[in-house]
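Here the structure is laid out as structure tokens; the discussion comes afterwards.
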Amino acid sequence: MNLTRLVYYSQRNPSEKLDTQTLIETCQTNNARQNLTGILHYNGDHFLQVLEGGRVEVSALYHRISRDSRHANIILLSCADVRERMFSKWSMGLHQGMDERTREIYLRYFSTDNVNPETVNVDSLLDVLQDIAIEMAPSR
Ligand SMILES: Cc1cc2nc3c(=O)[nH]c(=O)nc-3n(C[C@H](O)[C@H](O)[C@H](O)COP(=O)(O)O)c2cc1C
């Protein structure tokens with residue numbers, strides 16, 4: 001069966017309440033049921049998320065997420081068939097904030113740590129997320 005990876009980013013909607021702990025628990029429960037994996041990076045302003053799994057499941061989830069009022073201005077960065085998962089240990093890993101270590105990882109791949117995802121190469125963003133994930137304790 002095919003394996004698809006989708007990457008998008010969006011802006012947090014400040015007028016909606018956001019409880020990231022509850023959100024990630026929902027993601028992990030739902031995603032595990034469908035063999036979906038990925039990572040969600042939230043810097044306080046923006047979300048950057050990778051979804052991996054079957055084409056139909058990834059597509060359905062992306063459409064559901066895009067209607068969620070907790071974020072807005074969703075931009076699809078890429079969606080392609082892949083040979084292998086990058087985030088196989090996480091039904092959805094959450095990484096929040098921009099600490100010193102995360103800044104260092106950004107600077108490894110970009111000229112600045114203040115990256116506008118609209119203007120950058122999606123492969124470099126995936127490099128950043130993979131390095132972030134290496135430092136995260138594997139969860140569900
Ligand atoms: C930034 C963001 C990322 C999300 N990621 C996922 C996800 O990976 N999996 C998921 O099931 N729901 C995700 N959601 C939540 C969905 O939009 C939706 O609220 C949820 O799937 C509904 O699940 P429920 O019917 O079990 O309550 C995300 C929402 C936001 C705002």
Side-chain angles (χ1 to χ4, degrees):
M1 294 301 280
N2 70 77
L3 190 60
T4 291
R5 179 179 306 122
L6 183 150
V7 188
Y8 80 85
Y9 82 99
S10 62
Q11 231 172 342
R12 181 185 168 191
N13 175 1
S15 23
E16 290 281 337
K17 187 174 172 295
L18 174 72
D19 174 347
T20 48
Q21 198 47 46
T22 310
L23 172 63
I24 206 65
E25 281 165 17
T26 303
C27 295
Q28 290 176 344
T29 307
N30 290 346
N31 295 0
R33 254 189 242 131
Q34 298 194 290
N35 297 325
L36 289 160
T37 53
I39 187 167
L40 177 63
H41 175 49
Y42 174 54
N43 69 5
D45 272 333
H46 288 84
F47 296 102
L48 176 61
Q49 188 172 25
V50 180
L51 307 173
E52 297 173 329
R55 187 181 295 151
V56 171
E57 291 81 3
V58 165
S59 176
L61 177 58
Y62 176 69
H63 287 292
R64 194 159 87 232
I65 293 174
S66 68
R67 290 192 297 266
D68 195 310
S69 59
R70 287 171 285 190
H71 63 172
N73 303 327
I74 189 162
I75 304 275
L76 180 62
L77 296 173
S78 83
C79 180
D81 285 353
V82 291
R83 291 160 59 107
E84 199 181 322
R85 292 177 197 255
M86 278 182 173
F87 303 99
S88 56
K89 292 198 178 80
W90 294 267
S91 56
M92 190 47 65
L94 174 67
H95 180 269
Q96 296 194 74
M98 240 341 219
D99 54 16
E100 265 318 299
R101 195 66 198 104
T102 310
R103 268 182 232 290
E104 206 182 301
I105 292 173
Y106 267 94
L107 288 173
R108 191 175 299 155
Y109 298 101
F110 296 110
S111 57
T112 163
D113 59 11
N114 185 17
V115 165
N116 175 356
E118 246 175 78
T119 62
V120 299
N121 183 323
V122 71
D123 288 336
S124 302
L125 282 176
L126 284 170
D127 286 338
V128 167
L129 292 175
Q130 265 195 304
D131 282 13
I132 285 174
I134 286 167
E135 298 189 6
M136 284 164 49
S139 67
R140 297 189 314 145

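Everything numeric in this text was worked out from a predicted model, so none of it was measured. In listed order, ligands and their atoms are each counted from 1.
Not a single N or O atom of Ser10, backbone or side chain, sits closer than 3.5 Å to an N or O atom of ligand 1. Considering both main-chain and side-chain atoms, Thr26 never comes within under 3.5 Å of ligand 1 through any nitrogen or oxygen pair.
Near Met92, with a cut-off below 4.0 Å to any heavy atom, the atoms of ligand 1 are 8 (O). For ligand 1, the atoms sitting less than 4.0 Å from at least one non-hydrogen atom of Leu61 are 7 (C), 8 (O), 9 (N), 10 (C), 11 (O), 12 (N), numbered in the order shown with element in parentheses. Taking every non-hydrogen atom of Asn31 and a distance limit under 4.0 Å, the qualifying atoms of ligand 1 come out as 7 (C), 8 (O), 9 (N), 10 (C), 11 (O). Every atom of ligand 1 is numbered from 1 in the order shown, and the set under 4.0 Å from a heavy atom of Arg70 is 15 (C), 19 (O).
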Would Asn73 and Ser10 count as a side chain to side chain donor-acceptor pair (under 3.5 Å) if you check the C-alpha gap in whole Å, the side-chain angles of each, and the deciding distance to 0.1 Å? CA-CA 5 Å; Asn73 303 327; Ser10 62; over 6 Å; no
One pair to check against salt bridge (Lys or Arg N to Asp or Glu O under 4.0 Å): Asp45 and Arg12. What are the steps and the verdict? CA-CA 6 Å; Asp45 272 333; Arg12 181 185 168 191; over 6 Å; no
Apply salt bridge (Lys or Arg N to Asp or Glu O under 4.0 Å) to Arg70 and Asp68, showing your working. CA-CA 6 Å; Arg70 287 171 285 190; Asp68 195 310; 2.7 Å; yes
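Contacts with ligand 1 closer than 4.0 Å are made by no heavy atom of Arg67, backbone or side chain. With a heavy-atom cut-off of 4.0 Å, Tyr8 touches ligand 1 through its side chain alone. When non-hydrogen atoms are compared, ligand 1 lies under 4.0 Å from the side chain of Asp68 (C-beta onward) but not from its backbone. By the criterion of a heavy-atom distance under 4.0 Å, neither the backbone nor the side chain of Leu36 is placed next to ligand 1.
One N or O on the side chain of Thr26 and one on the backbone of Thr22 form a donor-acceptor pair closer than 3.5 Å. Between the Glu52 side chain and the Phe87 main chain, a donor and an acceptor come within less than 3.5 Å of each other.
In terms of protein heavy atoms, atom 23 (O) of ligand 1 is closest to Asn30 ND2, 3.2 Å. Here the protein heavy atom with the shortest distance to atom 20 (C) of ligand 1 is Arg64 NE, 3.9 Å. Among all protein heavy atoms, the one lying closest to atom 28 (C) of ligand 1 is Leu23 CD1, 3.6 Å. The nearest protein atom to atom 3 (C) of ligand 1, hydrogens excluded, is given as Gln49 OE1, 3.2 Å; this is a heavy-atom distance. With respect to atom 13 (C) of ligand 1, the closest heavy atom belonging to the protein is Cys27 SG, 3.6 Å.
Inside a 4.0 Å radius of atom 5 (N) of ligand 1 there is at least one protein heavy atom.
Between Tyr8 and His71, the ring planes are perpendicular. Angles over 60° get that label, and only those under 30° would be called parallel.
More than 12 heavy atoms of other residues, nucleotides or ligands lie within 6.0 Å of CG in Asp19, so this atom counts as buried by the packing criterion.
Between Thr102 and Ile132, some side-chain heavy-atom pair lies under the 4.5 Å cut-off.
Nearest heavy atoms, Leu126 versus Met86: CD2-SD, 4.0 Å.
Between the NE2 atom of His95 and the CG atom of Asn43 there is a distance of 10.5 Å, given to the nearest 0.5 Å.
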